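Here the structure is a predicted model, which is why all the values come from computation and not from measurement. Values reported hereafter were calculated over all heavy atoms of this structure, with side chains retained and with hydrogens, waters and symmetry mates removed.
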Amino acid sequence: MHPAQQNVVAQYNQLLQQTGGQLGGLLQQAAGGCQQMIAQNPTNPTPLGNALVAVEQQVKAMRKQANDAFRPHFDHLCTLGPAEPGHFEMKRALRYWELWAEESWMRFENHWRVEQYRAMWPAAQQGMSKPLPCSRCGGPLRRTTPHKSESIGCPACHTVNQALPDAVVATYFGGMPHTFAEHATMGKKLDTAKFRAQWEDIREGEDAAGRPWPEEPIERLKQWEQLELAYWKAYAEERVKNEGGTPEDVKTLVESRMAHFYQQMNVNDVWRAAHGVQTMAAKQEVPKHLENVDEWGPLDPRDPKFVENYWVHQLLLEWSEREPEKHAAILKQLGYKEELHWQLVERTFTRHFSQFMSTAEGQAVLNTAGMRAMNENQKLAVAGAAAGGLLDPVEGVSIAVYGQLQVKQGSGIAPEEFQKMLAQHQMDQAKWERVQKGWLDRMSRDTTGAIATEYSKAFMSGQQGQFAAAGQASADVMAQGQMGLAGPAAGAEPVSFDRYCEISGAMQAWTKQGKDISAMLDKAFKISAMDVSTISVYWSQKMMADLSMFDQQTTLMARYEQQYLATP
């Protein structure tokens, strides 16, 4: 690398330093505002949360600035001669700058969220120590878990009382367990990120030297596994300790978080070979005498929907590659004898239809197939969850009943009316709280999205008030497996498409301004956050079925965002 190229690299490093200084200055300046927010709202985390979102937007803009500057500096480097090793040095500098920027933001955000809960703690303590009189005789009751719902028998008159946690206590324990666990284990999380960056150094260094990119050795992959496991185990232990739980809760939380790592490894040939599993490369091999043999498998090339059907198969099998057992089950379900059978069909299709797939008509068929495959994949996930017990009722309460009751609870219904609804399902408040926790715990550990899908169906079908028809129409689309293939029924529009874009643009503007979104929605549109959810699901389904609407949405939202940003 000659002096002129060294100068380009130095200029880029200087730009990173300057941008880093700006980012550090932003966080330093924002710290005072965060401190003030907490002082003014010690028991309400929403104002701080809105402020942090606004700061994060500025941080992202600065990170984008550093990344966008890479290309013009690299182009200049290339005009001066061979790009290496200057390119490698610039990539390495950007990688470690990004690590620093990510760590700076993570520590900043977590610090102030921790401070919020520390400021809230005295009020939470006071809330937990409030005297609780019997609803019948007024005698004192003794709580054992004041941060949870309890059924407490009165020692004087024997009436069973339903005791809910004080509002500030519920808020505190709703966010504190995760925030404090993240604070206690952030070092371990960052250790993993730095370990991965080191491998990128090694890999790109080999490429810069003109050698092939190396496969990451099994020893490093196992080190990565141990780092991930150490982090999630420490996080789970801290979180469960903070919110109250059992060793089994720790175990299931760790397993659910490690599932993502193992899915990555399931398509890594080094990992597969080390664990005695056929490599991905070997799976795709076809004997020479079969390379040009036409094989259509369970597909019929005379079917008008043959190409679409093929792509549904292809996508379902591709998406399941990270889960070998699921992949094998889908192969069998679709009608393939084994992996080789599918590979022959895939090669046959490529030989005969590759040219068609490069046409606009072929791409349109692929889009439709993608939507069909998405719906089929979700059906498979739900069926798998049901077979594995994930959708079994919690204390006799199904996900459908849970979702519909959640709608009722969030609709502003009077507490006594909600208690009557609970009684219709053989529940008191204490059981309802246990059921809520049970379903939320399962949902947080479900990596397939199956529980969330079934919950969404129930939640949308249970909508009340002015947007009930829209909610039911959206639920029908999900239940029929028509997401992206057909929009909700006509005549159920909650608001016009233009109004939906206006609401979305306004919310983006308010987020950047650090305003209370819920309060602003009520003030400007007389709607709630739940209403926005119903409206958004309806129009999202419409847009999935007509992709041209996404361009319209982008234009309209940008216009309305600017309009609301200009409004004090």
Separation of [Y] [atom2] from [X] [atom1] (nearest 0.5 Å):
X: Met557; Y: Ser504; atom1: CE; atom2: OG; result: 4.5 Å
X: Leu26; Y: Gln29; atom1: CG; atom2: CD; result: 7.0 Å
X: Asp546; Y: Lys542; atom1: CG; atom2: NZ; result: 9.5 Å
X: Leu23; Y: Gln65; atom1: CG; atom2: CD; result: 10.0 Å
X: Phe74; Y: Arg71; atom1: CZ; atom2: CZ; result: 5.5 Å

Of the options Tyr336, Trp319, Phe306, Trp342, which is the one that meets His313 in a ring pair (Phe, Tyr, Trp, His ring centres under 6.0 Å)?
-> Tyr336

What's the verdict on side chain to side chain contact (heavy atoms under 4.5 Å, CB included) for Gln11 and Asn7, showing C-alpha distance, side-chain angles and the deciding distance?
-> CA-CA 6 Å; Gln11 287 175 357; Asn7 187 47; 3.1 Å; yes

Partner residues of Phe180 under the ring-ring contact (aromatic ring centres under 6.0 Å, His included) criterion, sequence neighbours left out = none

For the salt bridge (charged side-chain N to carboxylate O under 4.0 Å, His left out) test, which of Arg63, Arg107, Lys60 pairs with Glu102?
-> Arg63

I'd like to know if the side chain of [X] reaches the main chain of [Y], judged simply by a donor and an acceptor atom lying under 3.5 Å from each other, with no hydrogens or angles considered.
X: Arg272; Y: Asn266; result: yes
X: Ser536; Y: Val532; result: no
X: Asp446; Y: Ala450; result: yes
X: Gln40; Y: Gln35; result: no
X: His76; Y: Val8; result: no
X: Tyr96; Y: Lys91; result: no
X: Thr359; Y: Gln355; result: no
X: Asn377; Y: Leu316; result: no
X: Gln363; Y: Met357; result: yes
X: Thr185; Y: Lys188; result: no

Between [X] and [Y], does any side-chain donor sit less than 3.5 Å from a side-chain acceptor?
X: Gln508; Y: Tyr564; answer: no
X: Asp498; Y: Ser496; answer: no
X: Glu98; Y: Asn67; answer: yes
X: Glu339; Y: Gln343; answer: yes
X: Thr368; Y: Glu308; answer: no

Report the C-alpha distance between Arg351 and Glu346 in whole Å, list the side-chain angles of each, state the deciding distance to 0.1 Å, and finish with yes or no for salt bridge (charged side-chain N to carboxylate O under 4.0 Å, His left out).
-> CA-CA 9 Å; Arg351 278 197 302 274; Glu346 188 174 32; over 6 Å; no

Lys/Arg-Asp/Glu bridge criterion (N-O < 4.0 Å) met for [X], [Y]:
X: Arg220; Y: Glu215; answer: no
X: Glu204; Y: Arg95; answer: yes
X: Arg92; Y: Glu200; answer: no
X: Glu225; Y: Lys222; answer: no
X: Arg559; Y: Glu502; answer: no
X: Glu228; Y: Lys233; answer: no

List the steps, then state whether side-chain hydrogen bond (donor to acceptor under 3.5 Å, both in side chains) holds for Asn292 with Arg347.
-> CA-CA 8 Å; Asn292 295 308; Arg347 284 169 177 256; over 6 Å; no

Using side-chain heavy atoms (C-beta onward) and a distance below 4.5 Å, is [X] in contact with [Y]?
X: Leu366; Y: Val307; answer: no
X: Met371; Y: Leu547; answer: yes
X: Ile527; Y: Asp522; answer: no
X: Trp213; Y: Glu206; answer: no
X: Asn50; Y: Trp510; answer: no
X: Leu221; Y: Met265; answer: yes
X: His111; Y: Glu115; answer: yes
X: Cys34; Y: Leu52; answer: yes

Looking at [X] and [Y], what are the two nearest heavy atoms and their distance?
X: Asn242; Y: Ala181; result: ND2-N, 3.8 Å
X: Pro82; Y: Gln5; result: O-NE2, 2.9 Å
X: Leu99; Y: Ala193; result: CD2-CB, 3.7 Å
X: Ala486; Y: Ala545; result: C-CB, 3.8 Å

Passes side-chain hydrogen bond (donor to acceptor under 3.5 Å, both in side chains), Tyr117 versus Arg113? Steps please.
-> CA-CA 7 Å; Tyr117 287 110; Arg113 290 194 186 278; over 6 Å; no

Checking side-chain hydrogen bond (donor to acceptor under 3.5 Å, both in side chains) for the pair His87/Glu84: CA distance, chi angles, key distance, verdict?
-> CA-CA 5 Å; His87 174 252; Glu84 297 296 358; 3.2 Å; yes

Show your reasoning for whether side chain to side chain contact (heavy atoms under 4.5 Å, CB included) applies to Leu315 and Arg372.
-> CA-CA 10 Å; Leu315 291 169; Arg372 272 185 58 195; over 6 Å; no

Verify the ring-centre separation between Phe261 and Trp224: is it less than 6.0 angstrom?
-> yes

Can the ring centres of Tyr500 and Tyr538 be said to be less than 6.0 Å apart?
-> no

Would you call the rings of Tyr262 and Trp271 parallel, tilted or perpendicular if under 30° counts as parallel and over 60° as perpendicular?
-> tilted

Could you label the plane-to-plane angle of the Tyr310 and Phe349 rings as parallel, tilted or perpendicular, counting under 30° as parallel and over 60° as perpendicular?
-> parallel

Does NE2 in His260 sit with more than 12 non-hydrogen atoms of other residues, nucleotides or ligands closer than 6.0 Å?
-> no

Which ring-ring contact (aromatic ring centres under 6.0 Å, His included) pairs, counting each pair once, include a residue from residues 193-212, with sequence neighbours left out?
-> none

When you look at Thr534 and Asp531, which way does the side-chain hydrogen bond (donor to acceptor under 3.5 Å, both in side chains) test go after all the steps?
-> CA-CA 5 Å; Thr534 305; Asp531 293 332; 5.5 Å; no

